[in-house]
Asker: 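Let me give you the structure first, and then I'll get to my questions.
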Number of protein chains: 2
Amino acid sequence: MKLSTKGRYGVKAMFEVALRYGEEPVSIKTISERQNISEYYLEQLFAPLRKAGLINSIRGAQGGYVLSKPPGEITVADILNVLEGPIEISECIDDEVTCARTGYCATRLLWIKIRDSVNQVIESITLQDMIDDYNEIKNNLKKGE
Amino acid sequence: MKLSTKGRYGVKAMFEVALRYGEEPVSIKTISERQNISEYYLEQLFAPLRKAGLINSIRGAQGGYVLSKPPGEITVADILNVLEGPIEISECIDDEVTCARTGYCATRLLWIKIRDSVNQVIESITLQDMIDDYNEIKNNLKKGE
DNA sequence: GTAAATCCTACTAAATTACTCTGAAATGAG
DNA sequence: CTCATTTCAGAGTAATTTAGTAGGATTTAC
């Protein structure tokens with residue numbers, strides 16, 4: 001079970017934008033260089049993020065992207081929902097038809113538990129939390145720990 | 001984020017075998033009919049499960065598969081590890097190289113939290129738990145709830 | 001002996017992933 | 001005004017993965 005690059009790159013990219021919240025817009029080129037991701041590919045990820053209202057774009061020279069809300073109000077779940085769709089460990093959770101055949105679906109409850117567990121984590125972590133973690137790691141490294 | 005059919009079918013199939021623990025072996029044909037999964041495909045799933053020591057096979061007529069241990073000693077994680085490999089939300093967790101480039105990997109901690117959360121769920125649920133849940137659902141239905 | 005079953009290996013069609021590319025449109029700086 | 005910079009939109013594509021099919025060999029209860 002793995003996230004696709006869409007989700008992984010998307011979160012990394014949003015993190016870069018979040019780091020500069022309140023400052024100048026961040027261009028795809030900048031993110032591409034900092035995170036070592038293809039510009040073309042990043043473009044494709046930002047389109048749906050913008051349409052979903054998580055970021056605003058500023059076109060033209062010196063343009064780029066800015067968060068539409070403070071980093072504390074954007075969760076990892078918000079990002080992953082846009083880029084990967086909602087977490088569904090198995091379509092069996094929604095689709096009653098296939099399960100109905102065998103009477104009671106034995107595994108349905110299991111998939112729900114896994115899904116809820118993932119959702120709880122990603123809904124509780126905001127971009128601000130990631131920034132805080134990041135700063136803490138940096139500080140600890142400075143102190144030589 | 002979704003499980004492949006390997007994982008989903010595999011857990012369903014193992015559940016069917018677990019339901020008959022202590023009784024006769026369960027054939028692939030039986031599981032195929034009960035869970036509506038291709039026999040050929042099921043065969044492919046049972047090979048690694050057997051090699052991993054989760055089930056024993058009994059060849060020949062009236063043969064089939066039996067759990068190698070009581071249902072309470074086989075977790076969902078055991079099954080998924082064999083069929084899907086270990087949960088790794090991002091290879092970034094193990095592979096230090098790519099992360100090292102950008103200094104401190106900002107998302108690494110996030111992937112670890114998600115992975116640990118999933119692992120905690122699937123390691124804590126055994127086939128016996130699933131059987132218990134299943135019986136409870138059946139009982140509740142009988143009582144007309 | 002025969003039917004029922006596992007075992008083993010190879011093959012393949014379809015879908016998904018992970019990009020790549022081209023060109024248009026907007027905009028700030030000089 | 002012009003030009004470099006940047007987003008925007010959509011098409012194309014190679015590689016990988018998924019999900020299943022298939023064929024034949026081997027084992028064993030009856």
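Only heavy atoms go into these numbers, but all of them, side chains included; no hydrogens, no water, no symmetry mates. Within every chain, numbering begins at 1; the chains are lettered A, B, ... in the order of the sequence lines, protein sequences first and strands thereafter.
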Asker: Where each pair must be Watson-Crick or G-U wobble with both distances under 3.5 Å, what dot-bracket representation of DNA chain C is obtained, with crossing pairs in [ ] and other-strand partners as |?
Answerer: ||||||||||||||||||||||||||||||
Asker: List in chain and number order the residues that pass ring-ring contact (aromatic ring centres under 6.0 Å, His included) with Tyr41(B), two or more places apart in sequence or in another chain; answer none if no residue qualifies.
Answerer: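 Residues passing ring-ring contact (aromatic ring centres under 6.0 Å, His included) with Tyr41(B): Tyr9(B).
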Asker: Nucleotide range of DNA chain C contacted by chain A, 5' to 3', under 4.0 Å to a heavy atom?
Answerer: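 For DNA chain C, the relevant span reads dA18(C) to dA29(C).
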Asker: For Pro48(B), check side chain to side chain contact (heavy atoms under 4.5 Å, CB included) against everything at least two apart and list the hits.
Answerer: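 Expected list: Val82(B), Leu83(B).
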Asker: What is the separation between atom CG on Asn56(B) and atom P on dT28(D), rounded to the nearest whole Å?
Answerer: 14 Å
Asker: With sequence neighbours excluded, what pairs up with Arg20(A) under the side chain to side chain contact (heavy atoms under 4.5 Å, CB included) test?
Answerer: Glu16(A), Glu23(A), Val26(A), Arg34(A)
Asker: Who are the side-chain hydrogen bond (donor to acceptor under 3.5 Å, both in side chains) partners of Ser38(B), not counting sequence neighbours?
Answerer: none
Asker: Does Thr5(B) have a side-chain nitrogen or oxygen under 4.0 Å from the phosphate oxygens OP1 or OP2 of dT18(D)?
Answerer: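 No, no such contact exists.
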Asker: List in chain and number order the residues that pass salt bridge (Lys or Arg N to Asp or Glu O under 4.0 Å) with Lys113(B), two or more places apart in sequence or in another chain; answer none if no residue qualifies.
Answerer: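 Counting only residues at least two positions away or on another chain, Lys113(B) forms a salt bridge (Lys or Arg N to Asp or Glu O under 4.0 Å) with Asp133(A).
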Asker: Counting only heavy atoms not in Gln120(B), do more than 12 fall under 6.0 Å of its CD?
Answerer: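 No, not enclosed.
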Asker: Who are the side chain to side chain contact (heavy atoms under 4.5 Å, CB included) partners of Tyr21(A), not counting sequence neighbours?
Answerer: Leu67(A), Pro70(A), Pro71(A)
Asker: Taking transitive links into account, so neighbours of neighbours count too, which hydrophobic residues share a cluster with Val66(A) at under 4.5 Å side-chain distance?
Answerer: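 Under the 4.5 Å side-chain rule, Val66(A) groups with Ile58(A).
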Asker: Send over the distance from Lys6(B) NZ to dG20(D) C1', rounded to a whole Å.
Answerer: 11 Å
Asker: Does the protein touch nucleotides 6-15 of chain D at the base, only the backbone, or not at all? Give it as B, S and - per nucleotide, heavy atoms under 4.0 Å.
Answerer: BBBB-B----
Asker: Not counting sequence neighbours, list each pair that qualifies as a side chain to side chain donor-acceptor pair (under 3.5 Å) and has a residue in residues 76-85 of chain B.
Answerer: Ser4(B)-Glu84(B), Thr75(B)-Asp78(B)
Asker: Check salt bridge (Lys or Arg N to Asp or Glu O under 4.0 Å) between Lys2(B) and all other residues, then give those that pass, not counting sequence neighbours.
Answerer: Glu91(A)
